[in-house]
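First the structure, in the form of structure tokens, and then the observations on it.
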Number of protein chains: 2
Amino acid sequence: MLMAKEEKERYSANSLVRGLEILKLFSEERPTLSLVEIAKELDVSRTVPFRLLYTLQTLGYLYQDEHTKRYNLTPKVLELGFAYLSTLKLPEIAQPYLEKLRDETGASCHLSILDGHEVVYVGSAAARGVSAVNVNIGLRLPAHAVANGKVQLAYQPQERLNQVLYGSNLTPFTERTKTDFVDFQQELATIREQGYAITKGELHHGIQSVAAPIINRSGQVIAAINLVATDTILHNEFIEKAALPKVLEVSEILSGFMGNHVKN
Amino acid sequence: MLMAKEEKERYSANSLVRGLEILKLFSEERPTLSLVEIAKELDVSRTVPFRLLYTLQTLGYLYQDEHTKRYNLTPKVLELGFAYLSTLKLPEIAQPYLEKLRDETGASCHLSILDGHEVVYVGSAAARGVSAVNVNIGLRLPAHAVANGKVQLAYQPQERLNQVLYGSNLTPFTERTKTDFVDFQQELATIREQGYAITKGELHHGIQSVAAPIINRSGQVIAAINLVATDTILHNEFIEKAALPKVLEVSEILSGFMGNHVKN
DNA sequence: AATTTTGTTTGACAATTTAAAACACGTTTC
DNA sequence: GAAACGTGTTTTAAATTGTCAAACAAAATT
């Protein structure tokens, strides 16, 4: 993450680092892993992950298949993320509003927060039927290519923006993705003035999104809500007349709830 | 988990153990923690968590407030649990069905799996309006007091049941909670015969629940779906005539999807 | 049957972790 | 305003671990 000229890390609880790395190696594509696979990924001898895997297993985060000897994650790993979610009260408060918005518009409605250059989904009300965009809690998407990301970036101090967007970001996904830093900054300024963001096909062709910020009493953006759907549902007129006003209304309500959190 | 007579742990990647412990110390009640608080909880000198906290911060899982010096979890911890969720395809497949059931019945609908003596919620469609039961993904509830827990317990091999329910479990929550092991076993047998479970006020007064198992082609129960609502919504007639048949229908559909997962 | 791959254990050395002590800095107490 | 206290941080040195290489057993391949 840190590009790093490596003064030398002050500390590095190595087994902690590696243990967490192991947990993160598991994915949809690789739901199970063997000792050797893990050792190769970490680029260490087999003994190292062997001991860590033993520990993770003892703690209950991993399960080893007796026959194949391969490792799986267990539901216990959810405890880790769950602790975080429960420190946020917002998703709980927002959920009924997300569902109301979804029902009134037919689009999927989400609640997300910003983490670096990515948005993280922390609440969701999926549209009925074959929804074009399938978002699960915990999903990360590049902030610069989604409306809820932009609207959160728009309210960041310039300094953080520079940090966050420095270097390899602004990756294009379609020909409509904004990739020029100066253009992008200008768009953010507009968004900040308007108080909302709209994206059209910047991450996927034909997918539109409308987003508004949730702002606490200190004026910080702490989250965003957005609607996403194909352009047949979220066409321009519908956005203007229906979707956008509703999103703004809800974002204001939710902003009202916030503010007792950060005590400066 | 293993009751253990503690020969002496073969290995213990201590900093991994402690690091994960630290992440788990955060909760809704204690969203931020100080160094001293953490040191006390772990019962070690301040140096230990200091180094681990530094590491966790470097990895991005924690954030330290500059002024107060207190630590918070960051959204990055969701990555850990998210890896697990993405290894399960079921929640994704099930979501539209959960919502359909919710809409057709007015009750909240959930998908859960069994972890030891607890159920873990991995999918949810919350009822509109003021829902009596608020379930977020990752929530754990005692399996013996909820319908979705019972229906999963009912299909466990006897041996595992003994393990799981040994000792301090079968904790009562209301006067209707089953606490006698023999009674409970008998109820499980009935549930297994019926193919569904119904609970009435065993965890909370006035809250009813109907659950059915999701079974893969090897005959193992891998999850359960359930409906929960107050007894005014889920009254007996409605359960019989509407809720239960619908739940059973969906559980069969979802069972049909499963089975290519476990290759023995 | 021979070879390779994988999981597991052991040994010896290097590296980290640990508690205690010491320091810096605010806060509180007297 | 000085002394005592609580925290976060650094240093120290002894105890514990983590590490690689080597070796073995058991599968899986050839």
Side-chain angles (χ1 to χ4, degrees), chain A residues 4 6-26 30-74 263-264, chain B residues 2 4 6-26 30-74 262-264:
Chain A
E6 235 93 61
E7 297 234 336
K8 229 181 245 180
E9 296 289 346
R10 272 195 301 180
Y11 311 111
S12 66
N14 229 317
S15 56
L16 176 55
V17 175
R18 296 237 160 90
L20 290 168
E21 245 178 302
I22 288 176
L23 292 180
K24 285 186 55 183
L25 284 178
F26 293 87
R30 312 182 73 181
T32 76
L33 291 166
S34 71
L35 175 63
V36 170
E37 284 168 0
I38 293 169
K40 275 182 188 153
E41 287 291 339
L42 301 191
D43 197 28
V44 287
S45 71
R46 285 168 294 175
T47 317
V48 178
F50 182 77
R51 294 163 47 82
L52 294 172
L53 288 165
Y54 178 87
T55 304
L56 287 169
Q57 209 178 171
T58 305
L59 294 176
Y61 293 104
L62 290 179
Y63 165 78
Q64 185 179 27
D65 186 288
E66 289 179 7
H67 300 284
T68 65
K69 298 287 182 179
R70 296 179 70 81
Y71 295 88
N72 307 277
L73 293 175
T74 74
K263 53 164 186 181
N264 268 334
Chain B
L2 297 172
E6 235 94 60
E7 297 237 336
K8 227 182 245 179
E9 296 290 345
R10 274 194 299 181
Y11 311 111
S12 66
N14 230 319
S15 56
L16 176 55
V17 175
R18 297 239 157 88
L20 291 168
E21 250 179 297
I22 288 176
L23 293 180
K24 284 185 55 183
L25 284 178
F26 293 88
R30 313 183 71 181
T32 76
L33 291 165
S34 73
L35 175 62
V36 170
E37 284 167 0
I38 293 169
K40 276 181 189 153
E41 287 290 340
L42 301 192
D43 197 28
V44 289
S45 70
R46 284 169 295 177
T47 318
V48 178
F50 182 78
R51 294 163 46 81
L52 295 172
L53 288 165
Y54 178 87
T55 304
L56 287 170
Q57 208 178 172
T58 306
L59 294 176
Y61 293 104
L62 290 180
Y63 165 77
Q64 185 179 27
D65 186 289
E66 287 179 9
H67 299 285
T68 65
K69 299 285 183 181
R70 297 178 69 81
Y71 295 88
N72 307 277
L73 293 175
T74 73
V262 185
K263 53 164 185 181
N264 270 333

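Remember, predicted model here, so these are calculated numbers, not experimental data. Note on naming: letters A, B, ... go to the chains in the order of the sequence lines (proteins, then strands), and numbering restarts at 1 for each one.
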Using the side-chain hydrogen bond (donor to acceptor under 3.5 Å, both in side chains) criterion, which residues pair with B:Gln57? Sequence neighbours excluded.
none

Sequence neighbours excluded, the answer for side chain to side chain contact (heavy atoms under 4.5 Å, CB included) partners of A:Val36 is A:Ser34, A:Lys40, A:Arg46

Rounding to a whole Å, what distance do you find between B:Leu53:CG and D:dT7:C1'?
13 Å

Should A:Gln64 be listed as having a side-chain N or O under 4.0 Å from OP1 or OP2 of C:dT8?
yes

Round to a whole Å and report the spacing from CZ of B:Arg70 to P of D:dG8.
8 Å

Considering residues at least two apart in sequence or located in another chain, which fulfil the side-chain hydrogen bond (donor to acceptor under 3.5 Å, both in side chains) criterion with B:Tyr61?
none

Once you round it to whole Å, what is the distance between P of D:dT9 and CD of B:Glu66?
12 Å

Rounding to a whole Å, what distance do you find between B:Gln57:CD and D:dT9:C1'?
13 Å

Please report the shortest heavy-atom distance between B:Gly19 and A:Leu16, naming the atom on each side.
CA-CD1, 3.7 Å

Listed partners of B:Glu41 passing side-chain hydrogen bond (donor to acceptor under 3.5 Å, both in side chains), at least two apart:
B:Arg30

Could I get the full list of salt bridge (charged side-chain N to carboxylate O under 4.0 Å, His left out) partners for A:Arg70, not counting sequence neighbours?
A:Glu37

Between D:dC20 (P) and A:Leu42 (CG): distance, integer Å:
10 Å

Hey, is the main chain of A:Gly60 close enough, under 3.5 Å, to the side chain of A:Thr74 for a donor-acceptor pair?
yes

Who are the salt bridge (charged side-chain N to carboxylate O under 4.0 Å, His left out) partners of B:Lys24, not counting sequence neighbours?
A:Glu79

How does protein reach along nucleotides 15-20 of chain C, written 5' to 3' as B (base within reach of a heavy atom under 4.0 Å), S (only sugar-phosphate), or - (no contact)?
--SBBB

Locate the shortest heavy-atom distance separating B:Leu23 from B:Leu73; write the atom from each residue and the value.
CD2-CD2, 3.8 Å

Short side-chain N/O contact to D:dT9 OP1/OP2 from B:Lys69, under 4.0 Å:
yes

For a quick test of reading the model, state the closest non-hydrogen atom pair linking A:Tyr71 to A:Leu62 and the distance between them.
CD2-CD1, 4.4 Å

Specify the angle, to 10°, made by the local axes at the two ends of the helix from C:dA1-D:dT30 to C:dC30-D:dG1 when five pairs are taken at each end.
30°

Just to be sure I understand the geometry, which residues of residues 30-38 of chain B put a non-hydrogen atom under 4.0 Å away from DNA chain C?
none

D:dT17 P sits how many Å from A:Phe50 CZ, rounded?
17 Å

Test side-chain hydrogen bond (donor to acceptor under 3.5 Å, both in side chains) applied to A:Thr55 - qualifying residues, sequence neighbours left out:
none

